[in-house]
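Comments concern the structure below.
The figures here come from the full heavy-atom set of this structure, side chains too, leaving out hydrogens, waters and symmetry mates.
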Amino acid sequence: MRMLASRRRQAGFSFIEILVVMGIIAVLAGLGVVVVQIWIKRGPQVQTDDVLRRVKALSDAWKGKHGMYPPVLLKDIHLAAGSVGTPIKHTSNGENEGIEALYQALYWPSVGTDAEFNEERDLANSDDDRLAAAATSRGVELREIVDGWGNPLIYFVNTAYVQADRDPPTYISRTQGAVQPKPWKEEAGGFVNPNGFQVFSMGEDGMPNTEDDRKGW
């Protein structure tokens, strides 16, 4: 009987063993929380860098086909694409037009850039504007390509740098409302990427031309 009781005690867990297991579980749970917090912080950045990379590649492909980068005004796409397709007569409401024009240009008839964006993750219509008639397969809604925080990407082409610096366009930030971004400049005063284009995210703070902007050039 004494041997049987001894074996039963040996088959169970001691109080110290239980505390050790609980400690390990607590450590693992803590690590899990840290990983989730890191992903919450890094997730939008990773998503933004991915969409910027794709936009840059597609814009370079557009230039390879037409000899210039997509324009920043909707009305200019028709001529920039070699007078292919139906001109856009109704321009935007003056908000987000640069990135709206880029998005329309990527799907312009016969352009063939193979642009693919996730409808829910990569696209939005923060200013709720529409075209009078569809000019591309994208329909009449004037959507923008957005970053991981849901703000429209900012797009400038080199031929419009000076005008945009003098008279900044209006973009809609989810947290800041109407903002007026400018093309980025070097410390010496010249424009960044003077022979190409600038596409960038306003970053987590939703303000353009600040330190947390994520750039795609």
Side-chain angles (χ1 to χ4, degrees), residues 45-92 96-125 131 133-148 151-165 168-169 171 181-186 190-203 208-209 213-217:
Q45 297 176 359
V46 172
Q47 180 180 329
T48 298
D49 292 344
D50 174 65
V51 76
L52 286 171
R53 176 187 56 77
R54 283 183 282 141
V55 166
K56 181 182 185 305
L58 290 166
S59 299
D60 287 337
W62 213 90
K63 182 178 186 295
K65 187 174 181 65
H66 298 295
M68 64 181 71
Y69 290 105
V72 294
L73 298 178
L74 291 160
K75 66 182 181 64
D76 293 340
I77 302 175
H78 174 67
L79 293 177
S83 299
V84 175
T86 303
I88 296 178
K89 296 180 181 179
H90 169 74
T91 58
S92 78
N96 306 326
E97 187 168 1
I99 196 61
E100 290 170 345
L102 173 61
Y103 180 66
Q104 289 287 320
L106 295 179
Y107 288 97
W108 202 253
S110 80
V111 169
T113 56
D114 297 323
E116 291 292 340
F117 295 99
N118 183 289
E119 296 285 332
E120 296 182 358
R121 183 190 63 202
D122 300 331
L123 303 175
N125 187 2
L131 293 170
T136 73
S137 60
R138 301 294 90 185
V140 297
E141 188 177 3
L142 268 175
R143 286 176 290 187
E144 314 105 15
I145 306 168
V146 298
D147 62 19
N151 289 316
L153 298 180
I154 311 298
Y155 174 69
F156 295 114
V157 69
N158 59 347
T159 54
Y161 286 169
V162 173
Q163 176 63 29
D165 186 60
Y171 275 74
K182 290 186 175 185
W184 278 87
K185 288 184 173 182
E186 304 280 5
F191 291 107
V192 174
N193 203 15
N195 300 315
F197 65 94
Q198 296 182 16
V199 60
F200 59 94
S201 157
M202 292 185 272
N209 304 112
D213 287 9
R214 304 190 76 82
K215 298 149 187 161
W217 61 81

Enumerate, atom names and distances included, each donor-acceptor pair closer than 3.5 Å involving a side-chain atom of residues 193-203, sequence neighbours excluded.
from	atom 1	to	atom 2	distance (Å)
Asn193	ND2	Phe197	O	2.7
Gln198	OE1	Trp184	N	2.6
Gln198	NE2	Trp184	O	3.0
Gln198	NE2	Val192	O	2.9
Ser201	OG	Asp147	OD2	2.7
Ser201	OG	Gly203	N	2.9

Original post:
How long is the span from the OG atom in Ser59 to the CZ atom in Arg54, to the nearest 0.5 Å?
Top reply: 12.0 Å

Subject >> Separation between CG of Leu153 and CG of Leu52, rounded to the nearest 0.5 Å >> reply: 5.5 Å

Subject >> Phe156 vs Lys182 side-chain heavy atoms within contact, under 4.5 Å >> reply: no

Original post:
Can you find a heavy atom in the side chain of Ile145 that is under 4.5 Å from one in the side chain of Leu123?
Top reply: yes

Subject >> Single hit among Leu74, Leu102, Val72, Leu142 for side chain to side chain contact (heavy atoms under 4.5 Å, CB included) with Glu97 >> reply: Leu74

Original post:
Rounded to the nearest 0.5 Å, how far apart are CG of Leu79 and NE2 of His66?
Top reply: 12.0 Å

**OP:** Would you indicate whether the side-chain heavy atoms of Phe191 and Val162 approach each other to under 4.5 Å?
**Re:** yes

Original post:
How many angstroms lie between atom CZ of Arg138 and atom CG of Leu106, to the nearest 0.5 angstrom?
Top reply: 10.5 Å

Subject >> Main-chain N/O of Val46 paired to Asp50 side chain as donor or acceptor, under 3.5 Å >> reply: no

Original post:
Where do Val146 and Ala124 come nearest, in terms of heavy atoms and distance?
Top reply: CG1-CB, 3.6 Å

Original post:
Taking all atoms of both residues into account, what is the closest heavy-atom pair of Pro71 and Ala101, and its distance?
Top reply: O-CB, 3.5 Å

Original post:
Can you tell me if Trp62 uses its side chain to pair, donor with acceptor, with the backbone of Thr113 under 3.5 Å?
Top reply: no

Subject >> Partners meeting side chain to side chain donor-acceptor pair (under 3.5 Å) with Lys89 (sequence neighbours left out) >> reply: none

**OP:** Starting at OG1 of Thr48, measure out to CZ of Arg214 and round the result to the nearest 0.5 Å.
**Re:** 7.0 Å

Subject >> Residue pair His78 / Thr86: nearest heavy atoms and the distance that separates them >> reply: ND1-C, 4.3 Å

Original post:
How close do Val111 and Lys65 get, heavy atom to heavy atom, and via which atoms?
Top reply: O-CD, 2.8 Å

Subject >> Tyr103 side, atom OH; Thr136 side, atom OG1 - distance, nearest 0.5 Å >> reply: 7.0 Å

Original post:
Considering all heavy atoms of both residues, which atom of Tyr155 and which atom of Tyr69 are nearest to each other, and what is their separation?
Top reply: OH-CB, 3.8 Å

**OP:** Check the pair Arg143 / Glu119 against salt bridge (charged side-chain N to carboxylate O under 4.0 Å, His left out), numbers first and verdict last.
**Re:** CA-CA 10 Å; Arg143 286 176 290 187; Glu119 296 285 332; 2.4 Å; yes

Subject >> Carboxylate-amine/guanidinium proximity below 4.0 Å for Asp60 and Lys63 >> reply: no

**OP:** Compare every heavy atom of Gln104 with every heavy atom of Gly139, then report the nearest pair and how far apart it is.
**Re:** O-NE2, 4.5 Å

